[in-house]
Amino acid sequence: GDYEIKVTKAYSTVETSDEPPAAVADAPKESEGSPAAEEKTLSWRSLVLTGYGGYDKIKLQVKTQSKPQLKAGEVLLRVKACGLNFAELLGRQGLYDQLPNPPVTMGMEGAGVIEAVGEDVKDRKVGDRVIALSRSGMWQEVVVVSADRVFPMPEEMSFEEGAALLINYLTAYLMLFEMANVKPGKSVLIHMAAGGVGIAATQLCQTVQDVTVFGTASASKHETISQGGVTHPIDYRTKDYVEEIRKISPNGVDIVLDPLGGSDTQKGFNLLKPMGMLIVFGAANCVTGQKKNLLAMAKTWYNQLSLSTLKLMQANKAVSGFHLGNITDEQLITRTMDKLVELYRQGKIKPHIDSSYHFEEVAEAMRRMHERLNIGKVILLPEPKKEEEKPKSNAEPGENVEQKEATEEVKAEKD
């Protein structure tokens, strides 16, 4: 623990101990440092994107600075679990426009415990277990977030589940119920049906009577997604999913959720029944190798669906785009989160945790998602990995990606 310390405030020298100090005075003292140092500084682990490129661009750093002064309406959160999303794979390659330029701490969702509240924070208090949403910066042990982006967790929900709920279920819910207005008897095509959004969308479709779900996933995942509510699993690797759907439903489907982009958007549009809706919410086809692939991007771009309004009128079809990061209506987010928490309480939705990795293992976590090995959500845990601890995974023993340690950079960055 010889940390190099750069303190952002005006203290010239700060005493620190090897252990990161607790964030609030009445929290259990983790360090033997002097009370003055305890009050003034905070050390925490953070995953920092240092530049664009491969897995090695994300470094684990220990940051040390004086205790953050909360502005009105802010809370200080001790993060217990974070979610990994496809957006972070894009962000690492420099393909996600919502992520600030490196060096930047990544992460858009996490769950943890409130350690301090700023002025004007009425309905959140120290000790509350909450889920938090942020544009970036959630992949760290301690984070300051706006109180209106912090949502209470049910008692029975684990921190891992909390971190798995937010982005995937918000995305799926808003697309299905606010945009596509899914009704009883309709049919939905869900791509990447074993991924985080795919499982969330499948579970949410179960809350409406008699909705038929077509789900694409590799064959090894079919049993899981069938049990989860996919009516017709389709192996996109060995079969043409368009042909398979037409065999079962010659007229096509009512709703297509498209996270792929490129030529798949055209296929999705063609599969729509009259009065049907296609929602484009990603460009996973852009991500091929570890680093940015200009050819894949150009191909996705070149093959993307191009429509005139006249063509839409002739076809009686709708095309929508969805991006959670561009939604600024806080009330819509809060209202939807309330509904999701209620559905969780009723047992109608439950995040499926694929695996949990400590911050040290972020490269393996990303590789698992990149290679489409995950069924459900991949979680990152801020707490240090104990010696000899294997990642907790619900996968088959043979499926575990070989362990490669990410190098720990124990050096505090200037904020």
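FYI, side chains are in, hydrogens and waters are out, and symmetry mates aren't considered; it's all heavy atoms of this structure.
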*Mind listing the closest non-hydrogen atom pair of S134 and V145 along with its distance?*
CB-CG1, 4.3 Å

*Test K247 against E244 for salt bridge (charged side-chain N to carboxylate O under 4.0 Å, His left out), laying out the working first.*
CA-CA 5 Å; K247 279 182 206 164; E244 295 301 304; 3.0 Å; yes

*Is there side-chain contact between L324 and I167, with at least one heavy-atom pair below 4.5 Å?*
yes

*Any sub-3.5 Å donor-acceptor pair from D329's side-chain atoms to Q331's backbone N or O?*
yes

_Looking at every heavy atom in both G107 and E88, which two are closest together, and how far apart are they?_
CA-OE2, 3.5 Å

*asked:* Side chains of I245 and L189, heavy atoms from C-beta outward: is any pair under 4.5 Å?
replied: yes

_Can you give me the closest heavy-atom contact between S218 and D235, atom names plus distance?_
CA-OD1, 3.7 Å

*Taking the six-membered ring for Trp and the single ring otherwise, decide whether the centroids of Y173 and F177 are under 6.0 Å apart.*
yes

*Between R129 (side chain) and G162 (backbone), is there a donor-acceptor pair under 3.5 Å?*
no

*State, with a plain yes or no, whether a side-chain heavy atom of F151 is found less than 4.5 Å away from one of L340.*
no

*Determine yes or no for a side-chain-to-main-chain donor-acceptor pair under 3.5 angstrom, with K59 supplying the side chain and L49 the backbone.*
no

_Closer than 4.0 angstrom, basic N to acidic O: yes or no for K186 and D210?_
no

_Rounded distance [0.5 Å steps], CD1 in I333 versus CG in L174_ = 6.0 Å

*asked:* Please check: side-chain N/O of K348 versus main-chain N/O of T207, any donor-acceptor pairing under 3.5 Å?
replied: no

_Short side-chain to backbone donor-acceptor contact, T216 and M192, under 3.5 Å_ = yes

*Measure the shortest side-chain to side-chain distance between E156 and R345 over non-hydrogen atoms and say whether it is less than 4.5 angstrom.*
yes

*Going by atom types only, do T231 and T212 share a side-chain donor-acceptor pair under 3.5 Å?*
no

_What I want to find out is whether E364 reaches R367 closely enough, with some N-O distance under 4.0 Å, to be called a salt bridge._
no

*Cut-off 3.5 Å, side chains only: do Q98 and N326 have a donor facing an acceptor?*
yes

*Grab the two heavy atoms, one from V48 and one from P103, that are nearest each other, plus how far apart they are.*
CG1-CB, 3.9 Å

*Any side-chain donor-acceptor pair under 3.5 Å between K377 and N85?*
yes

*Should R45 and E360 count as an ion pair when the cut-off is N to O under 4.0 Å?*
yes

*Centroid-to-centroid, Y241 to H191, below 6.0 Å?*
yes

_Would you compute the distance between atom CG of L176 and atom CZ of F322 and round it to the nearest 0.5 angstrom?_
10.0 Å

*Have a look at M138 and tell me which of L166, V143, T105, L133 forms a side-chain contact (heavy atoms from CB on, under 4.5 Å) with it.*
V143

*Chi angles and distances behind the side-chain contact (heavy atoms from CB on, under 4.5 Å) call for F359, E383*: CA-CA 7 Å; F359 273 5; E383 63 179 23; over 6 Å; no

*asked:* In the structure I gave you, are the side-chain heavy atoms of H352 and I375 within less than 4.5 Å of one another anywhere?
replied: yes

*Starting at CE of M275, measure out to CD1 of I255 and round the result to the nearest 0.5 Å.*
12.5 Å

*Stepwise, does the salt bridge (charged side-chain N to carboxylate O under 4.0 Å, His left out) test hold for D338 with R335?*
CA-CA 5 Å; D338 290 345; R335 237 182 11 247; over 6 Å; no

_For the residue pair R92 and Y52, would you count it as a cation-pi contact if the rule is NZ or CZ under 6.0 angstrom from the ring centre and within 45 degrees of the ring axis?_
no

*State whether Y344 and K350 meet the cation-pi test: NZ (Lys) or CZ (Arg) under 6.0 Å from the six-membered ring centroid, and within 45° of the perpendicular axis.*
no

*When rounded to the nearest 0.5 angstrom, what is the spacing between CG in L272 and CG in N316?*
11.5 Å

*Tell me, with the steps shown, if M106 and L99 meet side-chain contact (heavy atoms from CB on, under 4.5 Å).*
CA-CA 8 Å; M106 294 170 73; L99 186 71; 4.2 Å; yes

_Please check: side-chain N/O of E361 versus main-chain N/O of H358, any donor-acceptor pairing under 3.5 Å?_
yes

*Below 4.0 angstrom, N of the basic side chain to O of the carboxylate: do E330 and R149 qualify?*
yes

*Does W44 reach the main-chain N or O of R78 with its side chain, forming a donor-acceptor pair under 3.5 Å?*
no

*Any chance you could measure M179, atom CE, to M277, atom CE, to the nearest 0.5 Å?*
6.5 Å

*Evaluate the side-chain proximity of S46 to W139: yes if any heavy-atom separation is below 4.5 Å, no if none is.*
no

*Is the number of heavy atoms from other residues, nucleotides or ligands within 6.0 Å of CD (Q206) greater than 12?*
yes

*May I ask you to test the S249-F214 pair for a side-chain heavy-atom distance under 4.5 Å?*
yes

*Measure the CE-CG distance between M108 and L84 for me, rounded to the nearest 0.5 Å.*
9.0 Å

*asked:* Keeping Q203 on the side-chain end and A200 on the backbone end, is there a donor-acceptor pair under 3.5 Å?
replied: no

*List the steps, then state whether side-chain contact (heavy atoms from CB on, under 4.5 Å) holds for Y357 with I379.*
CA-CA 6 Å; Y357 291 88; I379 294 291; over 6 Å; no

*asked:* Quick check: closest heavy atoms across R124 and A147, and the distance to 0.1 Å?
replied: NE-O, 4.2 Å

*asked:* Walk me through whether L165 and I349 qualify under side-chain contact (heavy atoms from CB on, under 4.5 Å).
replied: CA-CA 9 Å; L165 184 78; I349 62 173; 4.0 Å; yes

*For the residue pair I114 and V117, establish whether any side-chain heavy-atom pair is separated by less than 4.5 Å.*
yes

*Can you list the steps and then say if K183 with D254 is a salt bridge (charged side-chain N to carboxylate O under 4.0 Å, His left out)?*
CA-CA 10 Å; K183 294 193 199 63; D254 296 297; over 6 Å; no

_Donor-acceptor pair, distance only, cut-off 3.5 Å: does the side chain of K221 make one with the backbone of N374?_
yes

*Is the CD atom of Q346 crowded by more than 12 outside heavy atoms at less than 6.0 Å?*
yes

_Minimum heavy-atom distance K80-L381, with the two atoms named_ = O-CD2, 3.8 Å

_Using ring pair (Phe, Tyr, Trp, His ring centres under 6.0 Å), reason through H323 and Y96 one step at a time and then give a plain yes or no._
CA-CA 11 Å; H323 191 317; Y96 191 70; 5.8 Å; yes

*Tell me, with the steps shown, if S43 and T64 meet side chain to side chain donor-acceptor pair (under 3.5 Å).*
CA-CA 4 Å; S43 286; T64 304; 3.0 Å; yes

*Would you check if the side chain of D258 reaches a backbone N or O of V280 as a donor-acceptor pair within less than 3.5 Å?*
no

_Identified side-chain contact (heavy atoms from CB on, under 4.5 Å) counterpart of L170 within the set M337, M175, E109_ = M337

*Is the CD atom of E119 crowded by more than 12 outside heavy atoms at less than 6.0 Å?*
no

